[in-house]
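All remarks here apply to the structure that follows.
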Amino acid sequence: METAYWAALAVIVLMGIGTLATTLRQAGPYGRHMTPGQRFTMKARPAWLLFESPQWFSFALTFWLLAPPAASPSSVMLFVFGLWQCHYVYRGLIYPLRMRDTHRQFPLIAVVMGFLFNLLNGFANAYAVGHAEHLMTAAWFSDPRFVVGLVIAVAGWVVNFQADTILINLRSDGFTGYRIPRGGAFRWVSAANYFGEIVWWCGFGLMVWTPAFAVFVFFTLANLMPRALAHHRWYREHFPDYPKSRRAVIPGLL
Ligand code: NDP
(Lines give C-alpha, C1' and ligand atoms only; values in the text may rest on other atoms or scores of the structure.)
Protein backbone atom coordinates (compact mmCIF):
# COMPACT_ATOMS: atom_id res chain seq x y z
CA MET A 1 0.00 0.00 0.00
CA GLU A 2 2.93 2.30 0.70
CA THR A 3 4.01 1.97 -2.95
CA ALA A 4 0.52 3.00 -4.07
CA TYR A 5 0.73 6.00 -1.74
CA TRP A 6 4.01 7.29 -3.23
CA ALA A 7 2.76 6.55 -6.74
CA ALA A 8 -0.39 8.59 -6.03
CA LEU A 9 1.74 11.51 -4.84
CA ALA A 10 3.87 11.32 -8.01
CA VAL A 11 0.73 11.35 -10.18
CA ILE A 12 -0.70 14.35 -8.28
CA VAL A 13 2.57 16.25 -8.77
CA LEU A 14 2.42 15.51 -12.50
CA MET A 15 -1.22 16.60 -12.60
CA GLY A 16 -0.24 19.83 -10.82
CA ILE A 17 2.51 20.55 -13.33
CA GLY A 18 0.14 19.78 -16.22
CA THR A 19 -2.57 21.99 -14.72
CA LEU A 20 -0.14 24.86 -14.23
CA ALA A 21 1.23 24.58 -17.76
CA THR A 22 -2.23 24.55 -19.36
CA THR A 23 -4.06 27.04 -17.14
CA LEU A 24 -1.33 29.67 -17.42
CA ARG A 25 -2.20 29.78 -21.14
CA GLN A 26 -5.97 29.24 -20.86
CA ALA A 27 -7.98 29.32 -17.61
CA GLY A 28 -9.85 26.09 -16.76
CA PRO A 29 -12.88 26.16 -19.10
CA TYR A 30 -15.74 26.50 -16.62
CA GLY A 31 -17.73 29.47 -15.31
CA ARG A 32 -16.83 32.72 -17.08
CA HIS A 33 -13.90 31.02 -18.85
CA MET A 34 -16.00 28.29 -20.45
CA THR A 35 -15.32 27.96 -24.18
CA PRO A 36 -18.31 29.32 -26.18
CA GLY A 37 -20.26 26.42 -27.68
CA GLN A 38 -18.52 23.93 -25.38
CA ARG A 39 -19.82 20.40 -26.10
CA PHE A 40 -20.21 17.55 -23.60
CA THR A 41 -21.38 19.43 -20.54
CA MET A 42 -23.65 18.75 -17.57
CA LYS A 43 -25.43 21.00 -15.06
CA ALA A 44 -23.00 22.72 -12.68
CA ARG A 45 -24.74 21.68 -9.45
CA PRO A 46 -24.64 17.86 -9.96
CA ALA A 47 -21.18 18.30 -11.50
CA TRP A 48 -19.85 19.77 -8.22
CA LEU A 49 -21.65 17.09 -6.18
CA LEU A 50 -20.09 14.40 -8.35
CA PHE A 51 -16.48 15.49 -8.73
CA GLU A 52 -15.97 16.59 -5.12
CA SER A 53 -17.53 13.43 -3.64
CA PRO A 54 -14.38 11.23 -3.76
CA GLN A 55 -12.66 13.53 -1.28
CA TRP A 56 -14.91 12.26 1.47
CA PHE A 57 -15.55 8.65 0.39
CA SER A 58 -11.98 7.98 -0.78
CA PHE A 59 -10.58 9.51 2.42
CA ALA A 60 -13.05 7.61 4.63
CA LEU A 61 -12.65 4.23 2.89
CA THR A 62 -8.85 4.48 2.96
CA PHE A 63 -8.75 5.62 6.58
CA TRP A 64 -11.13 2.97 7.94
CA LEU A 65 -10.85 0.01 5.55
CA LEU A 66 -8.16 0.06 2.87
CA ALA A 67 -5.14 1.21 4.92
CA PRO A 68 -6.27 1.95 8.48
CA PRO A 69 -3.80 3.09 11.16
CA ALA A 70 -1.90 0.16 12.73
CA ALA A 71 -3.37 0.84 16.20
CA SER A 72 -6.76 2.39 16.80
CA PRO A 73 -6.74 5.98 15.46
CA SER A 74 -5.40 8.61 17.85
CA SER A 75 -7.46 11.63 18.91
CA VAL A 76 -5.32 13.80 16.58
CA MET A 77 -6.07 11.54 13.62
CA LEU A 78 -9.78 11.58 14.44
CA PHE A 79 -9.70 15.38 14.66
CA VAL A 80 -8.03 15.68 11.26
CA PHE A 81 -10.45 13.12 9.81
CA GLY A 82 -13.42 15.12 11.16
CA LEU A 83 -12.15 18.46 9.89
CA TRP A 84 -11.47 17.05 6.41
CA GLN A 85 -14.96 15.51 6.23
CA CYS A 86 -16.61 18.73 7.46
CA HIS A 87 -14.83 20.71 4.75
CA TYR A 88 -15.94 18.35 2.00
CA VAL A 89 -19.51 18.14 3.27
CA TYR A 90 -19.49 21.91 2.78
CA ARG A 91 -17.63 21.99 -0.56
CA GLY A 92 -19.20 18.90 -2.12
CA LEU A 93 -22.75 19.14 -0.78
CA ILE A 94 -23.75 22.42 0.89
CA TYR A 95 -21.90 24.71 -1.55
CA PRO A 96 -23.51 23.24 -4.71
CA LEU A 97 -26.91 23.45 -3.04
CA ARG A 98 -26.28 27.15 -2.25
CA MET A 99 -25.58 27.98 -5.91
CA ARG A 100 -28.26 30.27 -7.34
CA ASP A 101 -27.94 29.83 -11.07
CA THR A 102 -28.93 26.19 -11.47
CA HIS A 103 -28.94 26.33 -15.31
CA ARG A 104 -25.16 26.85 -15.54
CA GLN A 105 -23.30 24.11 -17.41
CA PHE A 106 -20.00 22.49 -16.50
CA PRO A 107 -17.67 20.65 -18.96
CA LEU A 108 -17.63 16.87 -18.57
CA ILE A 109 -13.86 16.73 -19.02
CA ALA A 110 -13.43 18.96 -15.94
CA VAL A 111 -15.77 16.65 -13.99
CA VAL A 112 -13.72 13.60 -14.97
CA MET A 113 -10.37 15.25 -14.18
CA GLY A 114 -11.69 16.66 -10.89
CA PHE A 115 -13.09 13.25 -9.90
CA LEU A 116 -9.79 11.46 -10.61
CA PHE A 117 -7.73 14.07 -8.77
CA ASN A 118 -10.05 13.98 -5.75
CA LEU A 119 -9.98 10.17 -5.67
CA LEU A 120 -6.18 10.11 -5.56
CA ASN A 121 -5.90 13.03 -3.18
CA GLY A 122 -8.43 11.58 -0.72
CA PHE A 123 -6.56 8.26 -0.75
CA ALA A 124 -3.09 9.81 -0.37
CA ASN A 125 -4.04 12.16 2.45
CA ALA A 126 -5.98 9.51 4.40
CA TYR A 127 -3.03 7.12 4.09
CA ALA A 128 -0.61 9.85 5.24
CA VAL A 129 -2.74 10.86 8.23
CA GLY A 130 -3.27 7.24 9.30
CA HIS A 131 0.46 6.41 9.14
CA ALA A 132 2.21 9.58 10.33
CA GLU A 133 4.10 8.85 13.56
CA HIS A 134 3.80 12.41 14.85
CA LEU A 135 -0.01 12.19 14.62
CA MET A 136 -0.14 9.04 16.76
CA THR A 137 -0.15 10.79 20.14
CA ALA A 138 -2.16 13.68 21.60
CA ALA A 139 1.13 15.55 22.16
CA TRP A 140 0.79 16.86 18.58
CA PHE A 141 -2.18 18.99 19.74
CA SER A 142 0.29 21.27 21.53
CA ASP A 143 2.95 21.34 18.80
CA PRO A 144 3.37 24.92 17.45
CA ARG A 145 2.80 23.65 13.88
CA PHE A 146 -0.58 22.26 14.90
CA VAL A 147 -1.66 25.34 16.87
CA VAL A 148 -0.49 27.96 14.34
CA GLY A 149 -1.72 25.85 11.42
CA LEU A 150 -5.17 25.51 12.96
CA VAL A 151 -5.47 29.28 13.54
CA ILE A 152 -4.40 30.00 9.93
CA ALA A 153 -6.75 27.33 8.59
CA VAL A 154 -9.78 28.67 10.46
CA ALA A 155 -9.02 32.24 9.31
CA GLY A 156 -8.74 31.04 5.70
CA TRP A 157 -11.97 29.08 5.92
CA VAL A 158 -13.85 32.14 7.23
CA VAL A 159 -12.48 34.29 4.36
CA ASN A 160 -13.44 31.62 1.82
CA PHE A 161 -16.94 31.11 3.22
CA GLN A 162 -17.59 34.85 3.35
CA ALA A 163 -16.36 35.25 -0.25
CA ASP A 164 -18.54 32.34 -1.45
CA THR A 165 -21.51 34.03 0.25
CA ILE A 166 -20.79 37.44 -1.31
CA LEU A 167 -20.59 35.86 -4.79
CA ILE A 168 -23.77 33.83 -4.28
CA ASN A 169 -25.63 36.95 -3.12
CA LEU A 170 -24.63 38.82 -6.30
CA ARG A 171 -27.29 36.70 -8.02
CA SER A 172 -29.88 36.69 -5.24
CA ASP A 173 -32.25 38.80 -7.38
CA GLY A 174 -32.27 36.31 -10.27
CA PHE A 175 -29.55 38.14 -12.22
CA THR A 176 -27.42 35.64 -14.18
CA GLY A 177 -24.47 37.80 -15.28
CA TYR A 178 -21.47 39.16 -13.41
CA ARG A 179 -21.19 42.14 -11.04
CA ILE A 180 -18.23 43.62 -9.19
CA PRO A 181 -18.01 41.81 -5.84
CA ARG A 182 -17.50 44.10 -2.85
CA GLY A 183 -16.82 43.65 0.86
CA GLY A 184 -14.88 41.02 2.79
CA ALA A 185 -11.50 40.24 1.26
CA PHE A 186 -12.80 41.47 -2.13
CA ARG A 187 -11.68 44.88 -0.85
CA TRP A 188 -8.14 43.74 -1.54
CA VAL A 189 -8.30 40.95 -4.13
CA SER A 190 -10.44 39.88 -7.10
CA ALA A 191 -10.38 36.20 -6.12
CA ALA A 192 -11.15 36.44 -2.40
CA ASN A 193 -12.62 32.92 -2.45
CA TYR A 194 -9.35 31.48 -3.81
CA PHE A 195 -7.30 33.55 -1.37
CA GLY A 196 -9.31 32.07 1.54
CA GLU A 197 -9.07 28.57 0.07
CA ILE A 198 -5.28 28.84 -0.30
CA VAL A 199 -4.86 30.13 3.28
CA TRP A 200 -7.14 27.36 4.58
CA TRP A 201 -5.15 24.57 2.91
CA CYS A 202 -1.77 26.11 3.82
CA GLY A 203 -2.89 26.24 7.46
CA PHE A 204 -4.28 22.70 7.28
CA GLY A 205 -0.99 21.52 5.75
CA LEU A 206 1.04 23.08 8.55
CA MET A 207 -1.26 21.49 11.09
CA VAL A 208 -1.00 17.99 9.59
CA TRP A 209 2.63 18.15 8.37
CA THR A 210 2.71 15.25 5.89
CA PRO A 211 4.23 14.91 2.39
CA ALA A 212 0.75 14.23 0.97
CA PHE A 213 -0.48 17.55 2.27
CA ALA A 214 2.52 19.41 0.85
CA VAL A 215 1.67 17.92 -2.54
CA PHE A 216 -1.97 18.91 -2.15
CA VAL A 217 -0.99 22.50 -1.32
CA PHE A 218 1.23 22.55 -4.43
CA PHE A 219 -1.68 21.32 -6.57
CA THR A 220 -4.06 23.89 -5.04
CA LEU A 221 -1.64 26.72 -5.86
CA ALA A 222 -1.08 25.36 -9.39
CA ASN A 223 -4.83 25.19 -9.92
CA LEU A 224 -6.06 28.39 -8.27
CA MET A 225 -3.32 30.98 -8.85
CA PRO A 226 -3.57 31.04 -12.68
CA ARG A 227 -7.37 31.03 -12.45
CA ALA A 228 -7.28 33.96 -10.01
CA LEU A 229 -5.02 35.90 -12.41
CA ALA A 230 -7.43 35.13 -15.26
CA HIS A 231 -10.42 36.34 -13.17
CA HIS A 232 -8.53 39.54 -12.35
CA ARG A 233 -7.73 40.26 -16.02
CA TRP A 234 -11.34 39.46 -16.95
CA TYR A 235 -12.75 41.94 -14.39
CA ARG A 236 -10.41 44.68 -15.61
CA GLU A 237 -11.41 44.08 -19.23
CA HIS A 238 -15.16 44.00 -18.53
CA PHE A 239 -15.61 46.75 -15.88
CA PRO A 240 -14.06 50.17 -16.68
CA ASP A 241 -14.80 51.27 -13.08
CA TYR A 242 -13.09 48.21 -11.55
CA PRO A 243 -11.21 49.21 -8.35
CA LYS A 244 -7.62 50.00 -9.42
CA SER A 245 -5.95 49.09 -6.13
CA ARG A 246 -7.42 45.58 -6.04
CA ARG A 247 -4.87 42.78 -6.60
CA ALA A 248 -5.62 39.33 -8.08
CA VAL A 249 -5.27 36.92 -5.16
CA ILE A 250 -2.63 37.88 -2.56
CA PRO A 251 -3.50 41.19 -0.81
CA GLY A 252 -0.91 43.89 -1.57
CA LEU A 253 1.30 41.53 -3.59
CA LEU A 254 -0.18 39.74 -6.57
P1 NDP B 1 -15.57 31.30 -9.14
O2 NDP B 1 -15.14 32.53 -8.44
O3 NDP B 1 -15.16 31.12 -10.56
O4 NDP B 1 -17.18 31.20 -9.09
C5 NDP B 1 -17.85 31.03 -7.87
C6 NDP B 1 -19.36 31.16 -8.07
O7 NDP B 1 -19.74 32.53 -8.04
C8 NDP B 1 -19.86 30.63 -9.42
O9 NDP B 1 -21.18 30.17 -9.25
C10 NDP B 1 -19.82 31.87 -10.31
O11 NDP B 1 -20.72 31.79 -11.37
C12 NDP B 1 -20.23 32.95 -9.32
N13 NDP B 1 -19.55 34.24 -9.57
C14 NDP B 1 -18.21 34.44 -9.58
N15 NDP B 1 -17.92 35.74 -9.79
C16 NDP B 1 -19.12 36.37 -9.92
C17 NDP B 1 -19.48 37.73 -10.16
N18 NDP B 1 -18.56 38.67 -10.30
N19 NDP B 1 -20.81 38.04 -10.25
C20 NDP B 1 -21.75 37.08 -10.10
N21 NDP B 1 -21.45 35.76 -9.85
C22 NDP B 1 -20.16 35.43 -9.77
O23 NDP B 1 -15.09 30.08 -8.24
P24 NDP B 1 -15.04 28.49 -8.57
O25 NDP B 1 -16.36 28.11 -9.15
O26 NDP B 1 -13.79 28.15 -9.30
O27 NDP B 1 -14.87 27.89 -7.10
C28 NDP B 1 -15.94 27.86 -6.18
C29 NDP B 1 -15.40 27.52 -4.78
O30 NDP B 1 -14.71 26.27 -4.80
C31 NDP B 1 -14.40 28.56 -4.27
O32 NDP B 1 -14.62 28.80 -2.90
C33 NDP B 1 -13.05 27.91 -4.48
O34 NDP B 1 -12.11 28.36 -3.55
C35 NDP B 1 -13.37 26.42 -4.34
N36 NDP B 1 -12.47 25.62 -5.17
C37 NDP B 1 -11.41 24.98 -4.62
C38 NDP B 1 -10.48 24.30 -5.39
C39 NDP B 1 -9.25 23.68 -4.79
O40 NDP B 1 -8.28 23.44 -5.50
N41 NDP B 1 -9.22 23.38 -3.52
C42 NDP B 1 -10.66 24.17 -6.83
C43 NDP B 1 -11.76 24.93 -7.35
C44 NDP B 1 -12.62 25.60 -6.53
P45 NDP B 1 -20.26 31.16 -12.80
O46 NDP B 1 -19.99 29.71 -12.56
O47 NDP B 1 -21.42 31.42 -13.67
O48 NDP B 1 -19.01 31.90 -13.23
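Start at 1 and go down the list; that is how both ligands and their atoms are numbered.
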_Numbered atoms of ligand 1 (with element) below 4.0 Å of Asn223, judged on heavy atoms_ = 40 (O), 42 (C)

*Cation-pi geometry met for Arg32 and Tyr235 (6.0 Å, 45°)*: yes

*Between Phe106 and Arg104, is there a cation-pi geometry (under 6.0 Å to ring centre, at most 45° from the normal)?*
no

_Contact check, Tyr235 vs ligand 1, heavy-atom distance below 4.0 Å_ = yes

*Please state which part of Asp164 comes within less than 4.0 Å of ligand 1, counting heavy atoms only: side chain, backbone, both or neither.*
side chain

*Number the atoms of ligand 1 from 1 as they appear, then name those within less than 4.0 Å of a heavy atom of Arg227, with their elements.*
3 (O), 26 (O)

*Which residue and non-hydrogen atom of the protein lie closest to atom 6 (C) of ligand 1, and at what distance in Å?*
Tyr95 OH, 3.5 Å

_Show me which atoms of ligand 1 lie under 4.0 Å from any heavy atom of Arg179._
17 (C), 18 (N), 19 (N)

*Could you list the atoms of ligand 1 found under 4.0 angstrom from a heavy atom of Trp201?*
41 (N)

*In terms of side-chain heavy atoms, does Ser53 have a donor or acceptor partner in Tyr88 at a distance below 3.5 Å?*
no

*List the closest protein heavy-atom neighbour of atom 2 (O) of ligand 1: residue, atom name, distance to the nearest 0.1 Å.*
Asn193 ND2, 2.9 Å

*Who's the nearest protein heavy-atom neighbour of atom 11 (O) of ligand 1, and how far?*
Arg171 NH1, 3.0 Å

*Relative to the heavy atoms of Asn160, which atoms of ligand 1 are at a distance of less than 4.0 Å?*
32 (O), 34 (O)

*Looking only at side chains, do His87 and Trp200 share a donor and an acceptor under 3.5 Å apart?*
yes

*Measure from the side-chain N and O atoms of Arg246 to the backbone N and O of Phe186, and report whether any donor-acceptor pair falls under 3.5 Å.*
yes

*asked:* Please check: side-chain N/O of Arg187 versus main-chain N/O of Arg182, any donor-acceptor pairing under 3.5 Å?
replied: no

*Under 4.0 Å from any heavy atom of His231, which atoms of ligand 1 are there?*
1 (P), 2 (O), 3 (O)

*Using only heavy-atom distances, determine whether the side chains of Tyr95 and Asn160 contain a donor-acceptor pair under 3.5 Å.*
no

*Which is it for Leu224 and ligand 1 at heavy atoms under 4.0 Å: side chain, backbone, both or neither?*
side chain

*For ligand 1, note which part of Ile180 has a heavy atom under 4.0 Å away: side chain, backbone, both or neither.*
neither

_My understanding is that we take every heavy atom of each candidate and find the minimum distance to atom 27 (O) of ligand 1. Doing that for Trp48, Phe219, Trp234, which one comes out nearest?_
Trp48

*Atoms of ligand 1 less than 4.0 Å from Leu167 heavy atoms?*
2 (O), 5 (C), 7 (O), 14 (C), 15 (N), 16 (C)

*Please write down residue, atom name and distance for the protein heavy atom closest to atom 45 (P) of ligand 1.*
Tyr178 OH, 3.4 Å

*Do me a favour and list the nearest non-hydrogen protein atom to atom 23 (O) of ligand 1 with residue, atom name and distance?*
Tyr194 OH, 3.2 Å

_Backbone or side-chain N or O of Thr220 under 3.5 Å from ligand 1 N or O_ = no

*Heavy-atom donor-acceptor pair, Ser58 side chain to Leu119 backbone, under 3.5 Å*: yes

_Sub-4.0 Å heavy-atom approach of Gly177 to ligand 1_ = yes

*Counting only N and O atoms by type, is there a donor-acceptor contact under 3.5 Å from the side chain of Trp140 to the main-chain atoms of Met207?*
yes

_Whether the side chain of Arg45 engages the backbone of Met99 through a donor-acceptor N/O pair (distance < 3.5 Å, no angle test) should be reported._
yes

*Specify the protein heavy atom at minimum distance from atom 35 (C) of ligand 1: its residue, its atom name, and the distance to 0.1 Å.*
Glu197 OE1, 3.4 Å

*Backbone or side-chain N or O of Tyr30 under 3.5 Å from ligand 1 N or O*: yes

*asked:* Given Ala191, Ala222, Ser190, Gly31, identify the one with the heavy atom nearest to atom 46 (O) of ligand 1.
replied: Gly31

*Might you point out which heavy atoms bring Phe79 and Phe146 nearest each other, and give the distance in Å?*
CE2-CZ, 3.7 Å

*Counting only N and O atoms by type, is there a donor-acceptor contact under 3.5 Å from the side chain of Ser74 to the main-chain atoms of Met77?*
yes

*Strictly under 4.0 Å, does any heavy atom of Arg91 approach an atom of ligand 1?*
yes

*Taking only heavy atoms of Arg104 into account, list the atoms of ligand 1 that are under 4.0 Å away from them.*
45 (P), 47 (O)

*Between the side chains of Arg100 and Thr176, is a donor N or O closer than 3.5 angstrom to an acceptor N or O?*
no

*For the ring pair Tyr127 and Phe63, is the centre-to-centre distance below 6.0 Å?*
no

*asked:* To the closest 0.5 Å, what do you measure between CG (Asn193) and CZ (Arg227)?
replied: 9.0 Å

*Got an N/O contact under 3.5 Å between Arg32 and ligand 1?*
yes

